[in-house]
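Count residues from 1 along the sequence. Keep in mind it's a predicted model, so treat the numbers as computed, not measured.
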Amino acid sequence: MQSTIIGLLILSILLFVLSIFQKDRGKEVEKQMENLSIQLMQEMYQIKKKVSLLEEELMVNSTNSLENMSLSHGTKLTRDDVLAMYEEGNTIQDIAALTNYSEVEIDELLSQKV
């Protein structure tokens, strides 16, 4: 009986020492998750930069196309044109400067009911 208890005690000590030197898999998984998180954040940052550049390019192109449409073709500026420019973030003063209309005319076009 004593030999069984001594054997179990030695076995438990050996297993305890072995567990101390064994690699912690939780730390590996944690490190992998951290690396994945950093990689995803970098990719998101790059995508946001590309989207903002595309938005700026689109805004410049749409403003230029609306300006060219109203000035070079001699067409009458519609409420939809003014509303599109206004929704893009242009102020009434900016729209008036781009279209050679007065601020009052732009304001009247914006205030018209559909």
Side-chain angles (χ1 to χ4, degrees):
M1 184 75 170
Q2 284 182 342
S3 63
T4 307
I5 293 176
I6 293 173
L8 288 174
L9 182 63
I10 291 173
L11 180 64
S12 65
I13 291 172
L14 286 174
L15 289 175
F16 180 72
V17 170
L18 182 65
S19 70
I20 291 174
F21 293 110
Q22 189 178 15
K23 282 187 173 181
D24 187 11
R25 294 180 189 228
K27 287 185 181 181
E28 287 180 29
V29 170
E30 193 175 314
K31 187 178 256 187
Q32 288 176 352
M33 289 296 293
E34 185 176 323
N35 288 338
L36 180 64
S37 172
I38 290 171
Q39 183 181 6
L40 287 174
M41 287 174 53
Q42 289 173 342
E43 289 176 7
M44 290 287 290
Y45 176 73
Q46 290 174 352
I47 289 172
K48 285 181 182 181
K49 278 178 39 178
K50 288 179 182 179
V51 167
S52 67
L53 286 173
L54 288 172
E55 285 175 344
E56 288 176 13
E57 189 174 312
L58 179 65
M59 183 177 284
V60 168
N61 288 342
S62 66
T63 303
N64 288 341
S65 66
L66 284 175
E67 180 182 26
N68 290 338
M69 180 181 67
S70 64
L71 295 179
S72 65
H73 297 300
T75 59
K76 184 169 172 88
L77 192 64
T78 65
R79 180 183 185 277
D80 292 336
D81 296 333
V82 173
L83 191 57
M85 292 174 79
Y86 189 74
E87 287 176 349
E88 288 177 359
N90 293 311
T91 64
I92 293 175
Q93 294 82 12
D94 294 338
I95 298 170
L98 288 172
T99 59
N100 290 334
Y101 280 78
S102 70
E103 292 178 19
V104 174
E105 290 172 318
I106 300 298
D107 194 32
E108 287 175 1
L109 282 171
L110 286 173
S111 63
Q112 287 177 356
K113 299 232 180 200
V114 178

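Leu14 shares a hydrophobic cluster with Ile6, Ile10; the chain of contacts runs through ILVMFWY side chains whose heavy atoms sit under 4.5 Å apart. Cluster partners of Ile20, by chain and number: Phe16. The rule joins Ile, Leu, Val, Met, Phe, Trp and Tyr whenever side-chain heavy atoms lie under 4.5 Å apart. Under a 4.5 Å side-chain heavy-atom criterion applied to ILVMFWY residues, the cluster that includes Val29 comprises Met33 as well. Chaining together hydrophobic side chains whose heavy atoms lie under 4.5 Å apart leaves Leu8 on its own.
Summarising the geometry, atom CG belonging to Asp81 is positioned 12.5 Å from atom CG belonging to Leu98; distances are rounded to the nearest 0.5 Å. Separating the OH atom in Tyr101 from the CG atom in Asp107 is a distance of 15.0 Å, to the nearest 0.5 Å. Rounding to the nearest 0.5 Å places CE of Met1 at 5.0 Å from CD1 of Ile5.
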Side-chain atoms of residues 38-54: list all donor-acceptor pairs with protein atoms under 3.5 Å, sequence neighbours left out, distances to 0.1 Å.
residue, atom, partner, partner atom, Å
Ser52, OG, Lys48, O, 3.4
Ser52, OG, Lys49, O, 2.8

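Residues satisfying the side chain to side chain donor-acceptor pair (under 3.5 Å) criterion with Glu30, sequence neighbours excluded, are absent altogether. For Glu108, the side-chain contact (heavy atoms from CB on, under 4.5 Å) partners are Val104, not counting sequence neighbours. Legend: residues meeting side chain to side chain donor-acceptor pair (under 3.5 Å) with Gln93, ordered by chain and number and at least two apart, are Thr91.
You'll find the side chain of Leu83 reaches within 4.5 Å of the side chain of Glu87, heavy atoms only.
Shown here for Ala96 and Ser102, the closest heavy-atom pair between the two residues is CB-C, 4.1 Å. Heavy-atom minimum distance, Ile92 versus Glu103: CG2-O, 3.8 Å.
Asn90 contributes no side-chain N or O that, together with a main-chain N or O of Ile95, makes up a donor-acceptor pair within less than 3.5 Å.
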